[in-house]
Amino acid sequence: MNAVKVDKVAKTPQQGGLRQAMAWLHTWSGLWISWLLFAIFMTGTLAVFDDPIGHWMTPEHALEEAAHANDPPLPKVTDRGHRLELALDFMAKEHPKADMWEIWPVQRPGHGLSAYWFQPSGGYGSADLDPLTGAVVEHAREATERETIGGHHFVDFHYELHAGRIGVWIVGITTMIMLVALVSGVITHKRIFKDFFTFRPAKGQRSWLDAHNAVAVLTLPFQFMIAYTGLAFFSDDYVPAPVVAQYGMENGKRAFLADWNDAGKPERSGQPLAIPALESFAQRAEQAIGQEIRAVVLDNPNDASMRVCMYGWNEDTELLTRLSANTGRACYALATGEQTALRLPGKSDTGGAGLTRTVMSNLHMVGFGGTPMRWLYFFCGLAGTAMMGTGAILFMVKRRQRSGGEFGAYTQRVYRVIECLNVAAIAGLAIACVGFLWANRLIPVGIEQRAGWEVRAFFGVWFVMLVHACLRAEKRAWIEQLCLLAALCLLLPVLNVLTTGDSLVAQIARGDWESAGVELCSMAFGLLAAWGAWKVHKRKEKAARKAAGKESQAPSASLQVTTEGQS
Amino acid sequence: MMKSANMMLFSRVLAAIFGGYALTSGVAVLLSAVLPLSRAEAVLTATLSAFIVYTGAVIWVFAVQDLRRAWIGMLLPAILCGGIGMLLSRGAA
């Protein structure tokens, strides 16, 4: 530390003052997560429209739906009592030992009569029943049906990278670093609102910085919200200490969850009791909560402690005005017929903390506000994606002009790796995403594990793009990948015509805006990519690499920090 | 000189990641013990608040000059909060 006084150079970012320290933190925490975060944000943004994407990816279903578009709507169930009886008979015969039976008797598009249960061995079982006879309906997939996970691919990837628990942790750690990068970025930019109104186009590094600041500041509240609510989903996994402290090491987690999920669940008494007709309870519950009944959950069937809980169904119009997605719920002790619990729609039966988490997850998943809110999330998500992308590019644009020499003798090699990762993470991932849609049309219908092959195609394309980015010079890599992206996006409607015979014009003509929206968005992204490729093509190289070798010798250069944001 | 500067930076990063996580856990344990809520709600509130603590802790570690202060600033309150929290915990800890 004494040496600092001798050569009068800030040895650590901390000695350059708070803003210097925060600029360092922002640059480096941001850089190392920007690629992964870009991927999480981009797929998360697409996940906003997972249903329309899934709709586009099941064209046979979409066409069949269109054929029945003018049919009168399916009649509402009037024989719910009978359906409940059928499902209870099925459960009594097939799963008498299960300590929870759940029945869905409501007829909505896509819903018939379903039964679910907890296996005594653990695990969740389900069966679809014929609503008239109660017989099990086997879902043999038709040979023409396209097996796909559809838009859920983007949902799954953005929160677990298709890697299960490990993926959840990686995404959580990345998101946590994002919070740090956001806060340090805000501290770095003292003129945060001035930055927002500043854009100096065609000025190289300056323009990238301005763009980075503009999209970040514009959508800052959204970025904080989406990061924090994303962490909230698994908060007790990420920070298990309080669970362990309050519930003990062994089975602490299970006891904690039981406090939420099984609140008021009765203990089995051992005294037998016949199951009464449940329809009258369903009607009482509908009166009490003011919603149509969706699910009927029976705890400890055939035991004197038997309890039934009736869950309501949120109408779309309700969720336009409500942030909590909780449905209504009413529970009855069947031995006495007494109402033991009541939750009105939107309210919580687990107190303020439980309601907070419900609202947080609904905020994250845009389960409110309908289609306009989805578009708002889509554009904010794109802005966030652009924030990561411009940030990662900015790092290299800055160092292309003047090396920071941060890694001593390895600096140029590390920069090269960063260049490759930039291309593969930004253009390469976008190609993988649209490649996923191409795979959906190109992989033959009816092959084994088809849905898995679509996901493998996504990762495969991404990997090929990484290899390509490493083999080509940076500028060429950018141009080639952006051109490929533009071609794939612009030709997606053509591919659809060639493979299914369904065209954009036909989609619009029959009012199928979900499919048309996917293709129109794809074409918009294609034009954007083409414009990007053109810009890169026109870019003049400012070769300042030569100086880099010398600079890396100087110790002060190793601690160069990015402070341009303040100026 | 380079080496020691790098080592100090490395130490600071460790203080931010692991010291910050220890502090976060300590504060969360304390919160879950003292919040005037039911046990389940207090625990959930503590875990939901943890990310504010963690973010603030990391920012602070990089803001202070003295590296030793950064480490002490993480570990001392982590031990204090965690210890008091454990003593006050209502469950089978």
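Keep in mind that the numbers below use all heavy atoms, side chains included, and drop hydrogens, waters and symmetry copies. So you know, we letter chains A, B, ... as the sequences are listed, proteins then strands, and number each from 1.
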Heavy-atom pair with the smallest gap, counting every atom of [X] and [Y]:
X	Y	answer
A:M22	B:I59	CE-O, 3.4 Å
B:M86	A:A245	SD-CB, 3.7 Å
B:A28	A:V239	CB-CG1, 4.1 Å

Student check: side-chain heavy atoms of B:V29 and A:Q246 closer than 4.5 Å |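 Side-chain contact under 4.5 Å: no.
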When rounded to the nearest 0.5 Å, the distance separating OG1 of A:T175 from CZ of B:F51 is 9.5 Å
Interatomic distance, OG1@A:T356 vs CG@B:L44, rounded to 0.5 Å, equals 7.5 Å
The interface call for A:L25 against chain B, heavy-atom contacts under 4.5 Å, is side chain
Query - Residue A:S184 versus chain B: region with a heavy atom under 4.5 Å - result: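 For A:S184, heavy atoms of backbone and side chain both lie under 4.5 Å from chain B.
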From the list B:V13, B:L30, B:V58, the residue making the most non-hydrogen contacts under 4.5 Å with chain A is B:V58
- Task: Name the option with the most non-hydrogen atom pairs under 4.5 Å to chain A; the candidates are B:S25, B:A46, B:G82.
- Result: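 The candidate making the most pairs under 4.5 Å is B:S25.
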For residues 16-24 of chain B, tabulate all N or O donor-acceptor pairs below 3.5 Å that involve a side-chain atom, not counting sequence neighbours.
| unit_1 | atom_1 | unit_2 | atom_2 | d |
| --- | --- | --- | --- | --- |
| B:Y21 | OH | A:Y238 | O | 2.6 |
| B:T24 | OG1 | B:G20 | O | 2.6 |

Please say whether more than 12 non-hydrogen atoms of neighbouring residues, nucleotides or ligands are located less than 6.0 Å from CG in B:L87. yes
Please report, to 0.1 Å, the donor-acceptor pairs under 3.5 Å made by any side chain of residues 227-236 of chain A, with sequence neighbours excluded.
| unit_1 | atom_1 | unit_2 | atom_2 | d |
| --- | --- | --- | --- | --- |
| A:Y228 | OH | B:L48 | O | 2.6 |
| A:Y228 | OH | B:I52 | N | 3.3 |
| A:T229 | OG1 | A:M225 | O | 2.7 |
| A:T229 | OG1 | A:I226 | O | 3.4 |
| A:T229 | OG1 | A:H364 | ND1 | 3.0 |
| A:S235 | OG | A:R357 | NH2 | 2.8 |
| A:S235 | OG | B:T47 | OG1 | 3.0 |
| A:D236 | OD1 | A:R357 | NH2 | 2.6 |
| A:D236 | OD2 | A:K253 | NZ | 2.7 |

| task | In sequence, state the C-alpha distance, the side-chain angles, and the governing distance for B:F62 and A:V180, and then conclude on side chain to side chain contact (heavy atoms under 4.5 Å, CB included). | result | CA-CA 11 Å; B:F62 280 91; A:V180 170; over 6 Å; no
